[in-house]
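Below: the structure, in structure tokens.
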Amino acid sequence: MDMIREGLLTKEEALARVKPEHITGLLYPRIDEKYLREKGIKPLAKGLNASPGAATGRVVFDADTAVKWAEKGEKVILVREETKPDDVHGFYASQGILTSRGGMTSHASVVARAIGKPAVVGAEEVRIDYDRREFRVGNVAVREGDVITIDGFTGEVYLGEIPTAKTELPREFFDLLEMADEIRRLGVRANADTPEDARIAREFGAEGIGLLRTERMFRKPERLQIFQKVIMARDQRERREALRELIPHLKRDFLDIFRVMEGLKVTVRLFDPPLHEFLPNPEDLLEKICDARMKGDEEEVGRLEYVLKRVRELKEANPMMGHRGVRVGVTNPEIYEAQTRAIAEAYLELRKEGKDLHLQIMIPQVCDYREIEYVKKKAIEPVLKELGVNAAIGTMIEVVRACLTADKIAREADFFSFGTNDLTQGTFTFSRDDVENKFMADYLDKGILDFDVFQSLDFEGVGELMKIAVRKGKEANPNLEIGICGEHGGDPRSIEFCHLIGLDYVSASPYRVPVARLAAAHAVLREKGVEFPEY
Ligand code: PEP
Ligand code: MG
């Protein structure tokens, strides 16, 4: 910035000198490398560098303990084999997350990046024994309460405390990004599903929410029970009754986020995961049935046996390709209807407060335009009409067939948002939760892939599908707005591709918003032929 002021560099030349890593490096604490060298400290284990930053804390093995210890003022690292949405309260309470399984788009990775917590995932040498409350790496045992340090930049895990340094963000950081905003054509939004995420995103310059995942709203303890009643319902009447109980809770969550995003676009995605994820696991249920039987509580036995029956009915061989997303909306339109009602009521409440925003409702996992037609007619439009609310209705494009039939889909949609996590999974038939720990390293070592396609877009395959969808979509509906909300939306190389194929915006996790702003400006500069220095 000094060099611009002194006339030594143009704004464009200056922006070209700043690399995305420079921005990322400023946002997160780093391990003091000099300290490691001087003391000759070697890592205990290594996993994937899923979310940047370094963190030190006492090991805890479950989310509730993380919260309890954090309330007492302890700094903790949540260590799990893998994480589930029920663990998210533990993420907020922890300094960082370590898992022994999972890949770069697994739950732990996505959530940690979204909320800016350092994470190392898939550290396979880490063997956790939950019963003994310890993990082992070879002969070394680390017990609950022992201190470890994780480095989300390198994926390394250390015993004990390693000093870190956090840089204060200089004013120039924000000035530089404003310069990038003047140049970029792509919009930059954020993936955010809590008011905290939304606030961080907005502070970092997000121009709206490109993906508000709604599933965590169903998992908060008091709601999970009600939602389980929805799933267990014997008929539609019972299901609707349970959903009615849920609406005020959902509405409150929407309103909290809408307030933060006043004036901006907010894209709310309707329910996406398979229903069985919301039910207890069969082993726990069997145990509870035994307990109830021992106590002679026949009524409880009957109730639990019914739950177990439903859990077994809902079990699928391939849940990722199963009864999820819009397929749940088609079979149970009342779920989408209830969500739409909560969204619309929250929106009206916001308006009563004298505030406004641009509402967008997004349907996930669409493979055929008739799915959209059906849920719009059965679940979404009647509610919007009844309440007099205007909202754009659009779809995720995350299924291969949706790309290939994008013209038909575009006639039913106001916007597309590429879900490149699922689209990459579907294009390669690589499980997004497993690939990085199973064969990705071999594919990279042996030169079969040049990079991890779940982190950076595969232009030749997934990118071709995106191009088809953009072309067909815009031809059929020239007003179609097109964005991306998969993890690639925060990756600089992928952002340049999105710029080149004519997307309107990218949506990235809050801590990647600054990088996305810079990368979007870089895309314009490269297109203009501005020279980028090599270091
Ligand atoms: C995607 O598939 O890219 C996406 C954004 O949705 P999710 O990660 O929630 O499946
Ligand atoms: Mg998806």
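Just so you know, ligand 1 is whichever comes first in the structure, and atom 1 is the first atom listed for that ligand. Numbers here simply count residues along the sequence, with the first being 1.
Looking only at heavy atoms of the protein, atom 6 (O) of ligand 1 is closest to Arg269 NH1, 3.0 Å. Looking only at heavy atoms of the protein, atom 7 (P) of ligand 1 is closest to Arg213 NH2, 3.5 Å.
The one candidate from Arg259, Arg223, Arg216 that meets the salt bridge (Lys or Arg N to Asp or Glu O under 4.0 Å) condition with Asp253 is Arg223.
Partners of Thr194 by side chain to side chain donor-acceptor pair (under 3.5 Å), not counting sequence neighbours, listed by chain and number: Tyr92, Asp197.
For ligand 1 and Leu211, the ligand atoms under 4.0 Å from any heavy atom of the residue are 5 (C). Remark: ligand 1 atoms within the under-4.0 Å shell around heavy atoms of Asp422 are 1 (C), 2 (O), 3 (O), 10 (O). Those atoms of ligand 1 that come under 4.0 Å of a heavy atom in Met396, given as number and element, are 4 (C), 5 (C), 6 (O). In the vicinity of Cys485, heavy-atom distances shorter than 4.0 Å reach the ligand 1 atoms 5 (C). For ligand 1, the atoms closer than 4.0 angstrom to any heavy atom of Gly419 are 1 (C), 2 (O), 3 (O).
Vertex the Mg ion (ligand 2); arms to Glu398 atom OE1 and Asp422 atom OD2; angle 90° (nearest 10°).
For Glu475 and Lys472, the salt-bridge test fails: no basic side-chain N is under 4.0 Å from an acidic carboxylate O. Ion pair Arg324/Glu277 not flagged as a salt bridge, since none of the NZ, NE, NH1 or NH2 atoms sits closer than 4.0 Å to an Asp/Glu carboxylate oxygen. With salt bridges taken as basic N to acidic carboxylate O contacts below 4.0 Å, one links Lys467 and Glu464. Under the 4.0 Å criterion applied to side-chain N and carboxylate O atoms, Arg252 and Glu222 are not assigned as salt-bridge partners. Salt bridge annotation for Glu487-Arg432: absent, with no cationic side-chain nitrogen under 4.0 angstrom from a carboxylate oxygen. In this structure, Glu207 pairs ionically with Arg184, as a charged nitrogen and a carboxylate oxygen lie closer than 4.0 Å. Between Arg269 and Asp193 there is no salt bridge, since none of the side-chain N atoms of the basic residue sits less than 4.0 Å from a carboxylate O of the acidic one.
Residue contact check for ligand 1: Arg432 places a non-hydrogen atom closer than 4.0 Å to it. Judged by the shortest distance from any of its heavy atoms, Glu487 lies outside the 4.0 Å radius around the atoms of ligand 1. At a 4.0 Å cut-off, not a single heavy atom of His488 sits close enough to ligand 1 to count as contact.
Between Glu215 and ligand 1, not a single N/O pair is under 3.5 Å apart.
When ring centroids are compared, Phe204 and Tyr511 come within the 6.0 Å threshold.
The proximity of Leu423 to ligand 1, defined as any non-hydrogen pair under 4.0 Å, does not occur for either the backbone or the side chain. Within the 4.0 Å heavy-atom criterion, both parts of Asn421, backbone and side chain, lie near ligand 1.
The Mg ion (ligand 2) does not have Asp272 among its coordinating residues (no N/O/S atom, backbone or side chain, under 2.8 Å).
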